[in-house]
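For clarity, every value in this text was computed on a predicted model and none was experimentally measured. Throughout, numbering of the chain's residues begins at 1 and tracks the sequence. What you see below is based on every heavy atom in this structure, not just the backbone, and it leaves out hydrogens, waters and symmetry mates.
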Amino acid sequence: MDNVNKTLYIPLYGKAYVSKRGILLHDPDAEAIWDAAGFSLKGKAASKWLAYNMGMRSAVFDNWLRANLTPDAVVLHLGCGLDSRCSRVACENQWYDVDFPAVIDERKHYFAQSDRYHMLGADLRSDWLRDIPTGGKALVVMEGVSMYLTGEERLDLLKKLTEHFSEVKLLLDAYTVFAAKATKYKNPINDVGVTEVYGFDDPRELEQGTGLRFAKEHDLIPESMISELPKREQGFFRLMFAGKMAKSIYRLYEYA
């Protein structure tokens with residue numbers, strides 16, 4: 001895998017870490033895959049604080065999906081990495097996990113396709129939607145993806161989604177412009193060799209020619225989830241990840 005693909009091990013570690021401790025989300029697949037993968041993280045990427053943050057982020061995305069699922073919706077998990085979200089959400093919908101071919105090849109060591117669960121190896125900047133039936137309603141999650149796409153690439157991807165489906169609901173996390181610039185100097189993804197990422201400040205920027213409309217901003221760090229952390233660690237975590245400084249770096253947006 002190239003360096004961008006290797007970033008998938010950071011959230012995988014986080015989900016395995018919190019699952020083993022019985023907080024935030026139950027993810028035995030992440031525990032087993034992390035133990036089997038034998039990937040070594042270093043520096044900030046291996047900190048328990050980032051692990052809490054990654055576990056919390058995944059739980060927020062899971063809850064959004066559960067709240068928006070309807071029987072007729074197709075679920076697209078873009079940039080799925082080695083995530084087991086389909087199992088955690090436990091839905092019976094048609095589900096597509098999409099990531100680079102090298103990542104999907106790795107996924108196939110741990111997950112099996114079925115008549116409802118599909119894995120698609122493709123670059124999101126390519127014509128990958130041709131392999132998915134058109135029309136209908138799509139629920140799309142892009143966790144840890146938008147920052148690796150340029151502004152033009154983001155708009156092109158979202159336009160393709162709205163042209164392919166009759167209805168789209170989307171949840172994505174995003175770096176601010178400040179965060180993207182600062183990444184070259186201080187970011188856990190630097191520890192797996194990534195320094196080039198992209199951000200935006202106005203969520204309505206993604207409305208431009210895409211057919212989507214900004215619906216609302218979500219809380220990436222809900223207080224109810226902070227309360228699941230050990231009491232002696234809650235204050236420091238809140239200071240690091242839930243204050244004004246955190247919002248100047250990282251946001252969570254819903255579109256429809």
Participant: Would you indicate whether the side-chain heavy atoms of Trp128 and Tyr96 approach each other to under 4.5 Å?
Facilitator: no
Participant: What are the two closest heavy atoms between Pro101 and Asp123, and how far apart are they?
Facilitator: CD-N, 4.5 Å
Participant: Where the side chain of Ser58 meets the backbone of Gly55, is there a donor-acceptor pair that is under 3.5 Å apart?
Facilitator: no
Participant: Return the set of residues passing side-chain hydrogen bond (donor to acceptor under 3.5 Å, both in side chains) with Asp219 (not counting sequence neighbours), or none when no residue passes.
Facilitator: none
Participant: Tell me, please, which residues at least two apart from Arg116 pass salt bridge (charged side-chain N to carboxylate O under 4.0 Å, His left out).
Facilitator: Glu92
Participant: Taking side-chain hydrogen bond (donor to acceptor under 3.5 Å, both in side chains) as the test, write out the residues that go with Lys159, two or more places apart.
Facilitator: none
Participant: Enumerate the salt bridge (charged side-chain N to carboxylate O under 4.0 Å, His left out) contacts for residues 45-61, please, sequence neighbours excluded, ordered by first and then second residue.
Facilitator: Lys48-Glu233, Arg57-Glu143, Arg57-Asp173
Participant: Which residues satisfy the ring pair (Phe, Tyr, Trp, His ring centres under 6.0 Å) test with Tyr255, sequence neighbours excluded?
Facilitator: Phe214
Participant: Using ring pair (Phe, Tyr, Trp, His ring centres under 6.0 Å) as the criterion, list what pairs up with Phe241, not counting sequence neighbours.
Facilitator: Phe237
Participant: Among pairs that include at least one residue of residues 205-214, which meet side chain to side chain donor-acceptor pair (under 3.5 Å), considering only residues two or more places apart or in two chains?
Facilitator: none
Participant: Which residues pass the salt bridge (charged side-chain N to carboxylate O under 4.0 Å, His left out) test with Asp131, not counting sequence neighbours?
Facilitator: none
Participant: Flag the pair Lys20 and Glu31 as a salt bridge only when some basic side-chain nitrogen lies within less than 4.0 angstrom of an acidic carboxylate oxygen.
Facilitator: no
Participant: Quick one: list whatever passes ring pair (Phe, Tyr, Trp, His ring centres under 6.0 Å) with His26, sequence neighbours left out.
Facilitator: none
Participant: Partners of Trp34 by side-chain hydrogen bond (donor to acceptor under 3.5 Å, both in side chains), sequence neighbours excluded?
Facilitator: none
Participant: What residues form a salt bridge (charged side-chain N to carboxylate O under 4.0 Å, His left out) with Arg204, not counting sequence neighbours?
Facilitator: none
Participant: Test: side chain to side chain donor-acceptor pair (under 3.5 Å). Region: residues 61-75. Which pairs qualify, not counting sequence neighbours?
Facilitator: Asp62-Arg85, Asp62-Arg88, Asn63-Arg66, Trp64-Glu254, Asn68-Lys169, Thr70-Asp72, Thr70-Lys137
Participant: Would you confirm whether Asn93, through its side chain, and Ala73, through its main-chain N or O, come within 3.5 Å as a donor-acceptor pair?
Facilitator: yes
Participant: Would you confirm whether His218, through its side chain, and Val60, through its main-chain N or O, come within 3.5 Å as a donor-acceptor pair?
Facilitator: no
